[in-house]
Amino acid sequence: MTVSHHITDDLLYLYAAGELDFGWSLAIATHLAMCPQCRHRNAMFEDVLAASLEDEEIAEVHTSVDDILGMVQGLPSLENTPDVEVIEKPVFPKPLRDVAGDLKDIKWSAMGGGIKQKIIHEQDGVISRLLYIPANKAASSHGHNGLELTQVVVGGFYDGDQAFNCGDMQIVGHESPHQPLAMSDGPCICLAVTDAPLQFQNLLPKLFQRAFRI
Ligand SMILES: [Zn+2]
């Protein structure tokens, strides 16, 4: 598995700092389980944050390393995640599996055209859902008022001239409408996390402000 679409530095920093809501953290933890490169970057951010705790002033913001690392609220530790995730059995990466169960456990809701979804977590307007798109089928064209993180866990999809393969994360802001098309060699299953349309305008600036206060 070659991952070519990664988590941005700003999102990864916010994740390491414990500033993200559960849904975003779930998408990022799922990506980290599939991507050694981002795991390495995440470890560097954690090192920087842990070192900064030695500064008393900064320690007032983050009271302990455990607080930072514990922000994923029940998401599993990545310490023991192997460099290469075996996706055949079980199918889903462990962080996702811990929240949603494995593929065989999912009770899908049909959305027409063979496309299915399952909402697996919802909190404060941040919705985490699994999407199943049959081979060669396109999801509905949709725009965004907020942020959408789409982590590919099975198969792959095309969006415009870009290909997103298993392990890749697509990050879409409030941009022009787009229409994911599942690749032809099998169904595509993604973890898609979105926030409420009107919430986004203030969400990221608020997060950045909190994160970069240090
Ligand atoms: Zn990555």
Side-chain angles (χ1 to χ4, degrees), residues 1-50 68-69 71-73 75-88 90-100 102-103 120-121 126 128-131 133 144 146-173 175 178 180-183 185-186 188-195 203-204 207-208 211:
M1 177 169 55
T2 302
V3 179
S4 52
H5 295 275
H6 300 280
I7 303 165
T8 55
D9 278 344
D10 49 4
L11 275 174
L12 200 52
Y13 181 87
L14 292 168
Y15 172 81
E19 296 287 344
L20 294 177
D21 288 334
F22 184 91
W24 311 121
S25 293
L26 174 62
I28 289 171
T30 300
H31 180 87
L32 292 178
M34 306 176 83
C35 180
Q37 185 175 329
C38 284
R39 279 207 298 282
H40 177 69
R41 291 166 56 226
N42 184 57
M44 288 171 43
F45 280 129
E46 288 181 349
D47 286 346
V48 168
L49 286 162
I68 295 170
L69 299 181
M71 62 83 195
V72 288
Q73 300 174 15
L75 286 181
S77 164
L78 292 168
E79 288 175 4
N80 298 321
T81 304
D83 279 351
V84 177
E85 178 84 5
V86 178
I87 63 169
E88 286 82 12
V91 178
F92 292 162
K94 190 170 188 304
L96 175 58
R97 216 163 61 235
D98 286 349
V99 174
D102 204 7
L103 176 58
I120 59 171
H121 189 270
V126 179
S128 306
R129 79 188 78 214
L130 289 165
L131 287 173
I133 309 173
H144 295 274
L147 178 67
E148 181 178 55
L149 301 183
T150 302
Q151 174 63 36
V152 184
V153 293
V154 173
F157 69 88
Y158 299 104
D159 196 350
D161 58 359
Q162 290 194 301
F164 294 87
N165 291 289
C166 189
D168 283 340
M169 175 180 280
Q170 183 186 38
I171 302 173
V172 177
E175 298 158 5
H178 69 135
L181 169 69
M183 293 179 178
D185 55 352
C188 177
I189 300 175
C190 297
L191 167 64
V193 182
T194 55
D195 60 356
L203 175 62
L204 276 184
L207 289 172
F208 282 128

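Indexing begins at 1, ligand by ligand and atom by atom, following the structure's order.
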TODO: Report yes if the side chains of Leu149 and Ile7 come closer than 4.5 Å at any heavy-atom pair, otherwise no.
DONE: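 No - every pair of side-chain heavy atoms lies 4.5 Å or more apart.
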- [ ] May I ask you to decide if Phe92's main-chain N or O and Asp102's side chain share a donor-acceptor pair within less than 3.5 Å?
- [x]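 At least one qualifying donor-acceptor pair exists.
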Open item on the list: Would the distance check show the side chain of Gln151 and the main-chain N or O of Gly167 forming a donor-acceptor pair, the cut-off being under 3.5 Å?
Closed with: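 Yes.
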Open item on the list: Just to verify, what does Asp9 make a side-chain hydrogen bond (donor to acceptor under 3.5 Å, both in side chains) with, not counting sequence neighbours?
Closed with: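 Asp9 satisfies side-chain hydrogen bond (donor to acceptor under 3.5 Å, both in side chains) with Arg41 only.
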- [ ] Just to the nearest 10 degrees, tell me the angle at the Zn ion (ligand 1) spanned by His6 ND1 and Cys38 SG.
- [x]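 An angle of 100° at the metal.
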- [ ] Please calculate the NE2(His31)-the Zn ion (ligand 1)-SG(Cys35) angle and round it to 10 degrees.
- [x]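 Between NE2 of His31 and SG of Cys35, the angle at the Zn ion (ligand 1) is about 110°.
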Open item on the list: So, 2.8 Å as the limit: is an N/O/S atom of His5 located closer than that to the Zn ion (ligand 1)?
Closed with: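 Looking at His5, which is the residue asked about, there is no N, O or S atom under 2.8 Å from the Zn ion (ligand 1).
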